[in-house]
Amino acid sequence: KGRMVESGGGSVQPGGSLRLSCAASEYVYDNYCMGWFRQPPGKERETVATIHRSSTEYSASVKGRFTISQDNALNKIYLQMDNLKPEDTAMYYCATVRLPYCLWGPTHFEIWGQGTQVTVSS
């Protein structure tokens, strides 16, 4: 059965960096779209970035600061987050959809991890 497990969250000061990792079981990894999402307190879940066969997309709020990447040998995707801001504080999730292309909205994704908390505060 498909499974996603995030790690790497934590607390950091504004301007700092974090790298999130997501381990995906082989069942869900091959040739499928994968993405990172976040849900700030009291707000709806939003898409941060997606990746499919090295093709990437980013939300306007993180473009130029975050980088999504994948390691096919390890069945992992990563989210490198630089120049973090307080508004980046949220629970971050990875997810996948069993399609050979990416759609943007979170509702299109079907297999989710449990999330990892990112807090940006001075």
When you compare the side chain of Asp88 with that of Met81, does any pair of heavy atoms fall below 4.5 Å?
no

Would you say the side-chain atoms of Gln13 pair up with the backbone N or O of Val120, donor to acceptor, closer than 3.5 Å?
no

Between His52 (side chain only) and Met34 (backbone N and O only), is there a donor and an acceptor less than 3.5 Å apart?
no

Using a 4.5 Å cut-off on heavy atoms from C-beta on, say whether the side chain of Leu99 contacts that of Cys33.
no

Can the ring centroids of Phe37 and Trp112 be said to lie less than 6.0 angstrom from one another?
yes

Does the Thr119 side chain pair with the main chain of Ser11, one donor and one acceptor, at a distance under 3.5 Å?
no

Side-chain donor or acceptor of Thr47 paired with backbone N/O of Trp104 under 3.5 Å:
yes

Using modelled atom types and a 3.5 Å cut-off, is there a donor and acceptor pairing between side-chain atoms of Glu6 and backbone atoms of Cys94?
yes

How about Gln80 and Leu20: do any of their side-chain heavy atoms sit closer than 4.5 Å?
no

Contact between Gln70 and Lys76 at the side-chain level, heavy atoms closer than 4.5 Å - yes or no?
no

Does the side chain of Leu84 come within less than 4.5 Å of Leu18's, by heavy atoms?
yes

Please evaluate residues Cys22 and Ile77 with respect to the criterion side chain to side chain contact (heavy atoms under 4.5 Å, CB included), reporting the C-alpha separation (whole Å), side-chain torsions for both, the decisive distance (0.1 Å), and the verdict.
CA-CA 5 Å; Cys22 174; Ile77 63 168; 3.6 Å; yes

Using side-chain heavy atoms (C-beta onward) and a distance below 4.5 Å, is Thr50 in contact with Phe109?
yes

Going through the distances and angles, do Ser59 and Ser61 end up as a side-chain hydrogen bond (donor to acceptor under 3.5 Å, both in side chains)?
CA-CA 5 Å; Ser59 69; Ser61 62; 3.2 Å; yes

Step through the shown structure and confirm whether more than 12 heavy atoms of other residues, nucleotides or ligands are within 6.0 Å of CD on Glu44.
no

Side chain to side chain contact (heavy atoms under 4.5 Å, CB included) between Thr96 and Met4, worked out
CA-CA 8 Å; Thr96 187; Met4 317 281 285; 4.0 Å; yes

State, yes or no, whether a side-chain contact exists between Ile111 and Tyr32 at a heavy-atom distance under 4.5 Å.
no

Expected output: side-chain Arg65 to main-chain Asn83 donor-acceptor under 3.5 Å:
yes

Identify the two heavy atoms, one from Ile51 and one from Cys102, that lie closest to each other, and give their separation to 0.1 Å.
O-SG, 3.8 Å

Any side-chain heavy-atom pair of Ser121 and Pro86 under 4.5 Å:
no

Between Tyr93 and Leu103, is there shared hydrophobic-cluster membership here, with clusters defined by ILVMFWY side-chain heavy atoms closer than 4.5 Å?
yes

Working for side chain to side chain contact (heavy atoms under 4.5 Å, CB included), residues Phe66 and Asp82
CA-CA 6 Å; Phe66 290 12; Asp82 299 317; over 6 Å; no

Between Tyr92 and Arg38: side-chain donor-acceptor atoms closer than 3.5 Å
yes

Evaluate the side chain to side chain contact (heavy atoms under 4.5 Å, CB included) criterion for residues Trp36 and Ile68: first the C-alpha distance (whole Å), next the side-chain angles of each, then the deciding distance (0.1 Å), finally the verdict.
CA-CA 8 Å; Trp36 284 100; Ile68 188 171; 3.6 Å; yes

